[in-house]
Amino acid sequence: MLLIACLLPLTSIAQSDWRETLRQWLMKEDIEENYGEETLELFEQLAADPINLNQTSREELEQLPFLSEQQVEGLVEYIDRHSPIRSLSELQVIKALDYYTRHLLQHFVYVGEMAPRRLFPPLDTVAKYGHHNLMATGKIPFYERRGDRNGYLGYRYRHDVRYQFNYNNRVKFGLTAAQDAGEPFFTNRNKWGYDHYSYYFQLRDIGRLKELNIGMYRVQMGMGLLMNTGFYLGKLAMLQSLGRSSRLLTAYSSRSSANYLQGAAATVQLSDHWQVMAFASSRPVDATLNMDGTARTLVTDGYHRTPAEMEKKHNTRETDLGGRIGWRQGSLYVNANAVYTHFDRSLQPQTATLYRRYAATGSDFFNVSLDYGYTNYPWSFAGETALNRNGSLAAIHSVSLKASDTWSLMLLHRYYDKRYTALHSGSFREGSSVQNEHGVYLGATWQPSWSWQLQGYVDYAHFPWARYLVSAPSDAFDALLSAQCRSHRWTLYGRYRFHLRQRDDSEKKNLLNRTEHRLRFSADYSVTPQLTLHSQADAVASQFQGKSSRGVMVGEQLRWQWRWLRTSAVLAWFCTDDYDSRLYQYEPSVRYDFSFPAYYGRGLRSALQLRADVGRFSATAKVGITRYLDRSVIGTGLQQVNHSSLCDLLLQLSCQL
């Protein structure tokens with residue numbers, strides 16, 4: 001029945017939301033390294049606080065990560081010449097915006113009134129027209145892990161609470177309190193209740209003060225060689241933005257306890273052409289310690305469930321100071337960036353291990369960079385060159401051509417010295433960090449009509465020094481081709497990816513190629529305006545040292561909406577040889593919940609979600625069941641469940657006033 005259901009709708013949703021686009025962008029590495037979760041968090045915030053095109057600026061538009069430099073320039077030029085905009089349909093006349101970008105953009109912008117901006121709105125106006133949003137989320141597992149019986153310090157329920165006040169995207173403040181399953185609540189070292197709190201206060205566009213953040217915040221400068229605590233666009237999503245350099249300063253409201261700064265940050269417009277940004281941060285971090293009290297590794301998973309994990313909580317303090325001074329004339333810009341980081345414990349990783357030989361060591365770190373760019377439609381150029389405290393170099397440059405409405409090209413080159421270290425970097429790469437890599441990426445998009453889109457890239461990387469599981473210089477090659485065809489009621493999507501990486505053989509004497517082929521077909525069909533179907537089939541085949549590993553997964557999703565009620569249902573069957581052939585399937589979920597689990601072995605996955613929107617209140621419930629057909633025990637260690645299936649319930653309540 002499942003196979004028949006998957007074959008019936010050879011087809012897409014005419015009015016899919018931004019989550020559908022994000023689902024197509026993400027690949028295995030983005031999900032496993034949590035970049036998908038961080039990107040989802042950013043998109044959720046942008047969708048919740050859309051931009052008024054009649055009262056926006058270049059800086060606001062640059063917050064949208066999927067816009068290329070040419071598209072930002074085209075939007076700014078059109079708004080300057082033709083404001084006020086009367087309808088989003090006017091975006092069709094902007095040459096740089098293709099159909100897919102306009103379709104995605106409508107979820108993050110709107111056409112509002114064009115009113116003169118006051119230096120600072122009166123407090124009574126802020127209080128009257130601001131919006132309050134309160135949201136609570138909880139996850140209830142109907143199973144028991146070994147650690148729940150003996151090992152974890154807290155109960156097995158995960159929950160969080162979010163509150164935010166927002167006035168016109170100019171005044172924003174809020175608090176997020178989060179608790180992972182197994183963490184103590186109002187006990188042990190969590191005497192203040194939740195394990196993690198995110199708090200923030202943000203002001204925007206107050207005269208020459210472009211932005212002020214107090215509390216927790218994210219900073220992204222240039223192309224990420226120095227500082228990127230925000231998000232990272234993977235290789236496929238990079239084709240959408242065509243390698244645009246980002247300068248992002250925004251509040252941090254995530255439930256994650258890693259990858260943020262805490263203190264104050266501000267951006268000031270000194271003149272028409274000069275702008276300065278500065279930040280100061282001091283926050284506790286987790287670390288695994290050596291016997292002499294130095295820090296061996298920084299721990300970023302945020303889990304504090306066991307006595308050993310709790311011992312690492314906030315045992316080290318990190319201080320960060322930095323800033324940027326930038327100049328812009330039209331579409332030409334240059335920014336000088338600097339970041340200084342100090343730890344109250346010295347970082348002393350095990351550098352005797354070959355692949356850790358050039359890991360960051362010491363307690364003080366200093367990095368500087370220049371990022372620059374120029375756009376002259378249809379061409380765009382962006383780059384960043386950085387140095388660390390020892391003078392080691394990292395550089396990344398991209399050139400893009402938006403030749404017409406139908407096709408675009410992008411070429412990206414990066415060089416990261418093996419001795420280059422930057423603790424907060426996050427940029428385009430094949431490896432696990434901005435270090436020890438030299439590569440070239442070429443991507444293209446062709447859209448012959450509004451109904452067809454072809455995308456593809458090839459990426460070659462060389463690693464001059466040893467890496468994890470690789471004891472000699474090695475290479476990697478990655479290639480992808482995707483195609484999408486849509487009509488008013490359906491969409492067909494397919495992509496093929498070939499990925500090659502070299503790894504040590506079992507005796508660590510020679511390098512062998514580990515190859516991986518991944519294939520995906522999906523079809524969406526709009527049966528009625530209220531009912532849509534999504535069918536997906538994935539296959540993977542990997543080979544290493546003469547051993548082959550294969551896997552396949554097919555699934556069906558149904559989405560139905562009637563007035564105040566929305567529902568979605570998921571059913572998937574998977575069969576893989578082992579963990580190396582694992583597959584991922586996106587599931588609709590509650591807001592701010594990233595649901596893209598990995599499946600391996602043999603089994604079935606089913607989920608049902610209901611959402612009711614009544615007035616200013618919203619309630620969502622999702623129940624999910626994973627049934628394995630090849631095992632009676634799931635997981636290992638404290639996560640072990642002595643059963644062949646997992647069932648959990650996710651609940652979310654929200655109120656907007």
Side-chain angles (χ1 to χ4, degrees), residues 1-9 23 26 28 31-32 36 137-149 152 155-158 180-182 518-523 533-542 549-560 567-590 593-611 620-652:
M1 291 179 64
L2 174 64
L3 291 173
I4 293 173
C6 292
L7 293 173
L8 276 178
R23 178 192 67 189
L26 294 179
K28 181 169 72 77
I31 300 167
E32 293 177 345
T137 307
K139 185 175 184 180
I140 304 171
F142 298 110
Y143 51 86
E144 189 178 56
R145 291 161 293 200
R146 178 186 291 177
D148 297 327
R149 297 190 299 271
Y152 289 151
Y155 47 71
R156 61 179 187 258
Y157 309 109
R158 189 198 85 185
D180 286 314
R518 287 186 177 268
L519 187 65
R520 170 177 296 175
F521 290 106
S522 68
L533 301 174
H534 170 78
S535 306
Q536 183 172 309
D538 290 85
V540 59
S542 65
S549 177
R550 293 179 174 84
V552 64
M553 178 168 59
V554 292
E556 181 74 18
Q557 291 184 19
L558 177 149
R559 289 181 289 271
W560 177 72
T567 183
S568 64
V570 175
L571 179 62
W573 170 80
F574 55 92
C575 180
T576 77
D577 292 336
D578 49 30
Y579 183 74
D580 287 339
S581 54
R582 62 195 178 277
L583 291 160
Y584 296 83
Q585 168 139 317
Y586 167 78
E587 287 182 9
S589 189
V590 301
D593 183 72
F594 185 73
S595 186
F596 224 128
Y599 300 105
Y600 62 96
R602 292 189 298 112
L604 295 169
R605 170 65 179 176
S606 58
L608 176 65
Q609 177 172 298
L610 299 174
R611 173 177 168 178
T620 307
K622 176 186 176 182
V623 60
I625 301 173
T626 304
R627 170 76 174 177
Y628 289 93
L629 306 175
D630 61 347
R631 70 196 75 172
S632 58
V633 175
I634 303 172
T636 59
L638 296 179
Q639 289 289 96
Q640 179 175 310
V641 177
N642 295 323
H643 205 275
S644 62
S645 64
L646 301 174
C647 178
D648 50 62
L649 175 65
L650 194 61
L651 297 172
Q652 185 175 90

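Hydrogens, waters and symmetry mates are skipped; everything else that's a heavy atom, side chains included, is used. As the structure is a prediction and not an experimental result, all values here were calculated from the model.
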Please step through side-chain contact (heavy atoms from CB on, under 4.5 Å) for the pair R518 and L583, ending with a clear verdict.
CA-CA 9 Å; R518 287 186 177 268; L583 291 160; 3.5 Å; yes
About how many Å separate OG of S645 and CG of L629, when rounded to the nearest 0.5 Å?
10.5 Å
Reported CD-to-CH2 distance for the pair E556 and W573, which is rounded to 0.5 angstrom:
15.5 Å
Does R602 offer a backbone N or O that forms a donor-acceptor pair with the side chain of D630 under 3.5 Å?
yes
Between Y143 and R145, does any side-chain donor sit less than 3.5 Å from a side-chain acceptor?
no
Mind checking whether V623 and C647 have side chains closer than 4.5 Å, heavy atoms only?
yes
Pairing residues for F521 by the side chain to side chain contact (heavy atoms under 4.5 Å, CB included) criterion, not counting sequence neighbours
L519
Side-chain contact test, heavy atoms from C-beta onward, threshold under 4.5 Å: evaluate it for T626 versus Y599 and give yes or no.
yes
Salt bridge (charged side-chain N to carboxylate O under 4.0 Å, His left out) between D648 and R158: does it pass, once the steps are laid out?
CA-CA 11 Å; D648 50 62; R158 189 198 85 185; over 6 Å; no
In terms of side-chain heavy atoms, does Q652 have a donor or acceptor partner in T137 at a distance below 3.5 Å?
yes
Kindly determine whether Q609 and E587 satisfy side-chain contact (heavy atoms from CB on, under 4.5 Å), including the steps that lead there.
CA-CA 10 Å; Q609 177 172 298; E587 287 182 9; over 6 Å; no
Taking the side chain as every heavy atom from C-beta outward, state whether L649 and F142 have any atom pair closer than 4.5 Å.
yes
Check: D580/S542 side-chain N/O donor and acceptor closer than 3.5 Å
no
Hey, mind stepping through S589 and L650 against side-chain contact (heavy atoms from CB on, under 4.5 Å) and telling me if it holds?
CA-CA 9 Å; S589 189; L650 194 61; 3.5 Å; yes
Going from CD1 on I625 to CG on L646, what distance comes out if it is rounded to the nearest 0.5 angstrom?
10.0 Å
Under 3.5 Å, is there a donor-acceptor pair between the R550 and S581 side chains?
no
Please test Q639 against R146 for side-chain contact (heavy atoms from CB on, under 4.5 Å), starting from the C-alpha separation and ending with a verdict.
CA-CA 6 Å; Q639 289 289 96; R146 178 186 291 177; over 6 Å; no
Quick check against the 3.5 Å criterion: does K139 have a side-chain atom that pairs as donor or acceptor with the backbone of A181?
no
To the nearest 0.5 Å, how far apart are CG in D180 and OH in Y157?
16.0 Å
To check you understand the geometry: which heavy-atom pair defines the closest contact between R582 and Y584, and what is its length?
NE-OH, 3.3 Å
Under 3.5 Å side-chain donor-acceptor pair for R611 and T567
no
May I ask you to test the Y600-D578 pair for a side-chain heavy-atom distance under 4.5 Å?
no
Kindly indicate whether the side chain of L571, heavy atoms from C-beta on, has any atom under 4.5 Å from the side chain of Q557.
no
Reported CD1-to-OG distance for the pair I634 and S644, which is rounded to 0.5 angstrom
6.5 Å
How many angstroms lie between atom CE of M553 and atom OG1 of T576, to the nearest 0.5 angstrom?
9.5 Å
Are the side chains of Y628 and F574 in touch, meaning some heavy atoms are under 4.5 Å apart?
yes
Please tell me if the side chains of H643 and S632 come closer than 4.5 Å, counting only heavy atoms from C-beta onward.
no
Answer yes or no: is there a side-chain heavy-atom contact under 4.5 Å between Q585 and V570?
yes
